[in-house]
Amino acid sequence: MGRNGGVHFTTSNVKIRRFSASGAPISRSNSTSWSENLSSKVSCAVQSLDQLIHSLKTGSGAHQFGLKLPLLSSLSLSLPRPRNSSLSESAPHKSGILCAASLSLSQQLDSSAPSESQKYSSGGRSGEQTQSESETRKGQQVSRHDEERVLISEVLVRNKDGEELERKDLETEALQALRACRANSVLTVREVQEDVHRIIDSGYFYSCMPVAVDTRDGIRLVFQVEPNQEFHGLVCEGANVLPSKFVEDAFRDGFGKVVNIRKLDEVINSINGWYMERGLFGLVSDIEILSGGILKLHVAEAEVNNISIRFLDRKTGEPTTGKTKPETILRQLTTKKGQVYSMLQGKRDVEMVLAMGIMDDVSIIPQPAGDTGKVDLVMNVVERKSGGFSAGGGISSGITSGPLSGLIGSFAYSHRNVFGRNQKLNISLERGQIDSIFRVNYTDPWIEGDDKRTSRTIMVQNSTTPGSLVHGNQPGGSGFTIGKVTAGIEFSRPIRPRWRGTAGIVFQHAGARDEKGNPVIKDFYSSPLTASGDPYDDTLLAKLETVYTTGSGDLGSSMFVFNMEQGLPIMPEWLFFNRVSARARKGVEIGPVCFLLSLSGGHVVGNFSPHEAFAIGGTNSVRGYEEGAVGSGRSYVVGSGEISFPLLGPVDGAIFADYGNDLGSGPTVPGDPAGARLKPGSGYGYGLGIRVDSPLGPLRLEYAFNDRQTGRFHFGVGHRN
């Protein structure tokens, strides 16, 4: 990307056309020929001014040059300045749109007039001396114009015809731009040239010609300038995504005023900055001043011509054949053909493809599409292994006693890219001291033909969980478990940014069994274990859930979840109830310290199984109590506050406090299992803990006291629910 006076261009230089007296633009070829002759003109200027200085010293200048000595009569100043041109350090910004100036002299010399070297040789010097002096003069010729000085008695600014400028403000601008050229000052050619540059760099003029006039009082230096046109209109071409209001606001202050090239540079920079801030491939490629003061702005925007997928080998990095269907990847992209390419949008597209979970690496490479001004996008992807077996372990919060309390093991098979369409199959088995879950999930993350990114999940599950959460441990160490067979289908899709909604239908067959596997319908206190009075309760649930999240789910993020389940009594014996629940979490980071507040609650209306009551107390509820030891009811609310802070490396410390209440709904649960076990219905806990980052997620080890001044250790994996 080239740099031209603070304005960045890649395709062409910004140009401003001169106009002849008739108003027709001067062709660009003329400017090219001037540039080619620049060096010869400068050389001519140095030699001619050298002779002018000598003639003034010897008193012979009047009859040789006449009264008007044009210092720049053969070259109009609209030439590109070389990148290394020597300018004054005081100039704050060099316009890359208008160019600079160069000096040349044109003399009206009598061809018969002897040159200085001829005069010296006719004075009786030998040929050898003449040759030596000639060589010395040639060696010093380049620098003599810096050493020889001329006394200037007066400095004026006039138009190209030598007359006063109609606008005195422009004359003032030109005079203020001068640094060296002052009345009664002694100047060199270089100093005059630098001031010519400064006049051009003021931005108001597109040509400047210094002219020396010999007067009775000395040399009068006249800068003959040609101002730019007044700005009376704007034409913008090629700007499809640039808001017209932005362009209008950028040029509004200059309307009706003489075009200032420096300010025009700033406007161009602001337009290019608008594209850069949004990551868009676009910039001002050209600008012209047409007759009548009309500015014509050309904007180049690189549209997407084609998008292709290239699979790379994980080991060699060479192109290979992929397993994923290209259309499965392309539908993840928000960048489409015909759009102006955005790097920010491309970054989001890369993140979307990585979120599919089937790629190890993704990158987008834009390439020019020939000379069309468009870009072709090549997405390089490296696929990861699509399937395999895994084993692991975890902790179940439902087990509160025993030598292997809470420990569970797991074994699973998963395939992330079934049929090359990113469809996922998961078969898993988890087994603990009492807990067991066998689950089969088949998920299509984006149903084909749907434009809302709707996913579909088919699920079958058989689980066994301890019944102690609601009904507590039985006297004598006996207990029972809750067995559930569940099957259903769910649909999920993004609703709004950060919001996602899920709806589904689930059938559930649940009942209690004793340690020998026999069905039971009542516990030790004769409280019913099913709502129907049969060994099993059957329920058809319509589920609705909405989730709002910010961040990546860490402690500094926010979350809100609302869930509703409605029992549908399609059959007379099926349960009919409505259950709603919600939970919210807000994290605030202040320096290294994180403040976390969470609140959850719920309510059930209708005929529901007692083991489905809300259990309060435990690792993910009120710490300091065993699981479900605070209470169980139709309603509940639990609040928690936590302050975490870094300790050492991956280890963080935490101070926390929890509170839970069943809102007096414990007795309304069929059989009142909480009242039979003398659960308080409300309670709080507080304590200290540490967090350790691990590949499994945050490992939490906590010690808490409850309001009965008894302490308890809690261990968990991941953030609290």
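Excluded from the calculations below are hydrogen atoms, water molecules and symmetry mates; all remaining heavy atoms, backbone and side chain alike, are included. Computed from a predicted structure; not experimentally measured. We number each residue from 1, following the sequence as shown.
- Rounding to the nearest 0.5 angstrom, the gap separating the CD atom in Glu627 from the CG atom in Leu469 is 6.5 Å.
- A distance of 9.0 Å separates CG of Asp349 from CG of Leu377, quoted to the nearest 0.5 Å.
- Summarising the geometry, atom NZ belonging to Lys347 is positioned 14.5 Å from atom OG belonging to Ser363; distances are rounded to the nearest 0.5 Å.
- For Lys315, the side-chain contact (heavy atoms from CB on, under 4.5 Å) partners two or more places apart in sequence, or in a different chain, are Asp313.
- Under the rule for a salt bridge (Lys or Arg N to Asp or Glu O under 4.0 Å), Glu351 has no partner lying at least two apart in sequence or in another chain.
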Without placing hydrogens or testing angles, list every side-chain donor-acceptor pair under 3.5 Å for residues 603-613, not counting sequence neighbours.
unit_1 : atom_1 : unit_2 : atom_2 : d
His603 : ND1    : Ser635 : OG     : 2.4
Ser609 : OG     : Asp537 : OD2    : 2.6
Glu612 : OE1    : Arg579 : NH1    : 3.4
Glu612 : OE2    : Lys484 : NZ     : 3.3
Glu612 : OE2    : Gln508 : NE2    : 3.2

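- Glu237 meets the side-chain contact (heavy atoms from CB on, under 4.5 Å) test with Val235, Lys296, His298; sequence neighbours excluded.
- Every residue two or more places apart in sequence or in another chain was checked for a ring pair (Phe, Tyr, Trp, His ring centres under 6.0 Å) with Phe645, and none qualifies.
- Across Ala512 and Ile482, no two heavy atoms sit closer than the pair CB-CD1, 3.9 Å.
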Go through the steps for Arg456 and Glu490 under the test salt bridge (charged side-chain N to carboxylate O under 4.0 Å, His left out), then give the verdict. CA-CA 6 Å; Arg456 176 181 57 224; Glu490 294 181 350; over 6 Å; no

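- Comment: Glu383 does not engage Arg314 in a salt bridge, judged by the lack of any side-chain N to carboxylate O separation of less than 4.0 angstrom.
- Asp376 pairs by the salt bridge (Lys or Arg N to Asp or Glu O under 4.0 Å) definition with nothing, not counting sequence neighbours.
- For Arg691, the salt bridge (Lys or Arg N to Asp or Glu O under 4.0 Å) test picks out Glu642, Glu702, with sequence neighbours left out.
- Here ring pair (Phe, Tyr, Trp, His ring centres under 6.0 Å) pairs that include residues 423-442, with residues two or more places apart or in two chains, number zero.
- Ionic pairing of Asp662 and Arg634 is not present here: no N-O contact between side-chain nitrogen and carboxylate oxygen is shorter than 4.0 angstrom.
- Annotation: side-chain contact (heavy atoms from CB on, under 4.5 Å) contacts of Tyr536 (sequence neighbours excluded): His509, Arg513, Pro519.
- Taking the six-membered ring where the residue is Trp, the centroids of Phe560 and Tyr548 are separated by 6.0 Å or more.
- Arg384 meets the salt bridge (Lys or Arg N to Asp or Glu O under 4.0 Å) test with Asp360; sequence neighbours excluded.
- Listed by chain and number, the residues in a ring pair (Phe, Tyr, Trp, His ring centres under 6.0 Å) with Trp574 are Phe507 (sequence neighbours excluded).
- A 4.5 Å side-chain heavy-atom check between Met564 and Asn578 finds at least one atom pair inside the cut-off.
- Contacts of Phe281 classified as ring pair (Phe, Tyr, Trp, His ring centres under 6.0 Å), with partners at least two apart in sequence or in another chain: Tyr341.
- Within 6.0 Å of the CD1 atom in Ile570, the count of heavy atoms belonging to other residues, nucleotides or ligands exceeds 12.
- Side-chain atoms of Asp658 and Tyr625, non-hydrogen and from C-beta on, never get closer than 4.5 Å to each other.
- From Thr328, atom OG1 reaches atom NZ of Lys323 across 14.5 Å, with rounding to the nearest 0.5 Å.
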